[in-house]
Undergrad: 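Sharing a structure below in structure tokens format, with a few things to ask.
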There are 2 protein chains.
Amino acid sequence: MKDFEKLLRDNNLKVTKGRIAILELLYSSKIPMNTEEIFNYVDKDELPSFTSLYRILNQLSEAGILEKNLYQNGLLYYELKGKKHRHYIICSKCGKISPIEHCPISEFVEEASIETGYVVEDHVVELIGICPNCQKS
Amino acid sequence: MKDFEKLLRDNNLKVTKGRIAILELLYSSKIPMNTEEIFNYVDKDELPSFTSLYRILNQLSEAGILEKNLYQNGLLYYELKGKKHRHYIICSKCGKISPIEHCPISEFVEEASIETGYVVEDHVVELIGICPNCQKS
DNA sequence: GTGGATGCAAACCATTTGCACGCCA
DNA sequence: TGGCGTGCAAATGGTTTGCATCCAC
């Protein structure tokens, strides 16, 4: 289940309406959301200002609760960490994001680590294409 | 070889010192370069202003001559298209970029296309880690 | 009560655009 | 010569920061 209050306290973050609302939204979302989407979807009563939204998202990312990724469209996307590892494909016309189940990257990451001598911390795979809807028009 | 003048003319772009200098720099570079790096490396005499640099890079990208990618550090990187397909790993401390030879993505792209119904146009693979040098400190 | 959390406005910064001038074809 | 290319300065847009106020603990 989702004990977001404990999660916040464990990370020395106070429990506030805004933080809970953001965590619940991202918990219920199947795909990463960008800042504007989160802002629009959070209940207006519990809605922090845009400023606070950015601050909260950064805190939660630094705490390792969220995963923060910059997509090729120039926007920051957030998702709850710890969910099943996934990659996404984004439509270059309408911006629709769909998850992709397979991740063939793990072995690749290991090879790359040996090849380059880097300690790999993270990886980003982004596919760009045209979604079924946009193909029609 | 590198007949950049012809390449420009074929794309209805006039041959100018700045464009040639940028193309030669990217041709000689083994890794993608960001805007600031390109600006600093181009010979001052042939150096367009920052404004023109951006404009040239966008034109060349739109013409399909360059590949333009937004990395997780928030900067745009450019490389000559048509070179052997490669991915890169970037150091989260110093920003050093190293190429990775293998690309296991092709089959993955096909699977993903079938799975999601998207027509895949492009893919980005970005590994983030600590380079050998930064591991020492 | 106190330090973290919030909101507003202003700052940031890479990138883009408007406009007048300059140069390639 | 005509139109693309250039440079300067100003605008843009997503994100961050300063500072005064507010609220969780």
Undergrad: For B/Leu13 and D/dT6, what is the distance between atoms CG and P respectively, to the nearest whole Å?
TA: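 Going from CG in B/Leu13 over to P in D/dT6 covers 10 Å.
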Undergrad: When you measure from the side chain of A/Lys14, which nucleotide among C/dT15, D/dC25, D/dG3 comes out closest?
TA: D/dC25
Undergrad: Can you tell me how far P of D/dA24 sits from CD of A/Glu46, to the nearest Å?
TA: 13 Å
Undergrad: Rounding to an integer number of Å, can you tell me how far B/Lys17 NZ sits from C/dA25 P?
TA: 13 Å
Undergrad: Specify the residue among A/Gln59 and B/Thr35 whose closest nucleotide of DNA chain C lies further upstream toward the 5′ end.
TA: A/Gln59
Undergrad: Check whether any side-chain heavy atom of A/Thr16 lies under 4.5 Å from a side-chain heavy atom of A/Leu8, and answer yes or no.
TA: no
Undergrad: Can you check the A/Asn12 CG to C/dG3 C1' distance for me, whole Å?
TA: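 In whole Å, C/dG3 C1' lies 13 Å from A/Asn12 CG.
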Undergrad: Tell me whether the centres of the aromatic rings in A/Tyr88 and A/Tyr77 are closer together than 6.0 Å.
TA: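 Aromatic pair excluded; centres sit 6.0 Å or further apart.
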Undergrad: Would you please confirm or rule out a distance under 4.0 Å between OP1 or OP2 of D/dG5 and any side-chain N or O of B/Arg19?
TA: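 Yes, such a contact exists.
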Undergrad: Report, as yes or no, whether the 6.0 Å neighbourhood of atom CD on A/Glu121 holds more than 12 heavy atoms from other residues, nucleotides or ligands.
TA: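 Enclosed: over 12 neighbouring heavy atoms sit under 6.0 Å from CD of A/Glu121.
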Undergrad: For the base of C/dG7, is there a side-chain donor-acceptor partner from A/Arg55 under 3.5 Å away?
TA: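 Donor-acceptor pair under 3.5 Å: yes.
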Undergrad: Looking only at side-chain N and O atoms, does A/Arg9 come under 4.0 Å of OP1 or OP2 in D/dA24?
TA: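 No.
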Undergrad: So, does B/Tyr54 get its side chain near the phosphate of C/dT15, meaning an N or O under 4.0 Å from OP1 or OP2?
TA: yes
Undergrad: Measure the shortest side-chain to side-chain distance between B/Arg9 and B/Val15 over non-hydrogen atoms and say whether it is less than 4.5 angstrom.
TA: yes
Undergrad: Tell me the interatomic distance from A/Phe39, atom CZ, to C/dT6, atom C1', rounded to whole angstroms.
TA: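 That distance rounds to 13 Å.
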Undergrad: Between C/dG18, D/dT16, C/dA25, which nucleotide gets closest to the side-chain atoms of B/Thr51?
TA: C/dG18
Undergrad: If you assign B/Leu75 and B/Thr16 each to the DNA chain C nucleotide with the nearest heavy atom, which residue ends up on the more 5' nucleotide?
TA: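 Here B/Leu75 is the residue nearer the 5' end.
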Undergrad: Tell me the interatomic distance from B/Gln72, atom CD, to D/dT15, atom C1', rounded to whole angstroms.
TA: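 Those two atoms, CD and C1', are 15 Å apart.
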Undergrad: Taking CD from B/Glu62 and P from D/dG5, how many angstroms apart are they, rounded to a whole number?
TA: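 Distance check: B/Glu62 CD to D/dG5 P gives 12 Å.
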Undergrad: Whole Å only: how far is the CD1 atom of A/Ile56 from the P atom of C/dG7?
TA: 8 Å
Undergrad: When you measure from the side-chain N and O atoms of B/Asn58 to the phosphate of C/dT16, is any distance below 4.0 Å, counting only OP1 and OP2?
TA: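 For C/dT16, OP1 or OP2 has a side-chain N or O of B/Asn58 closer than 4.0 Å.
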Undergrad: Decide yes or no for A/Lys68 and A/Leu76: does some side-chain heavy atom of the first lie under 4.5 Å from some side-chain heavy atom of the second?
TA: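 Yes, side chains in contact.
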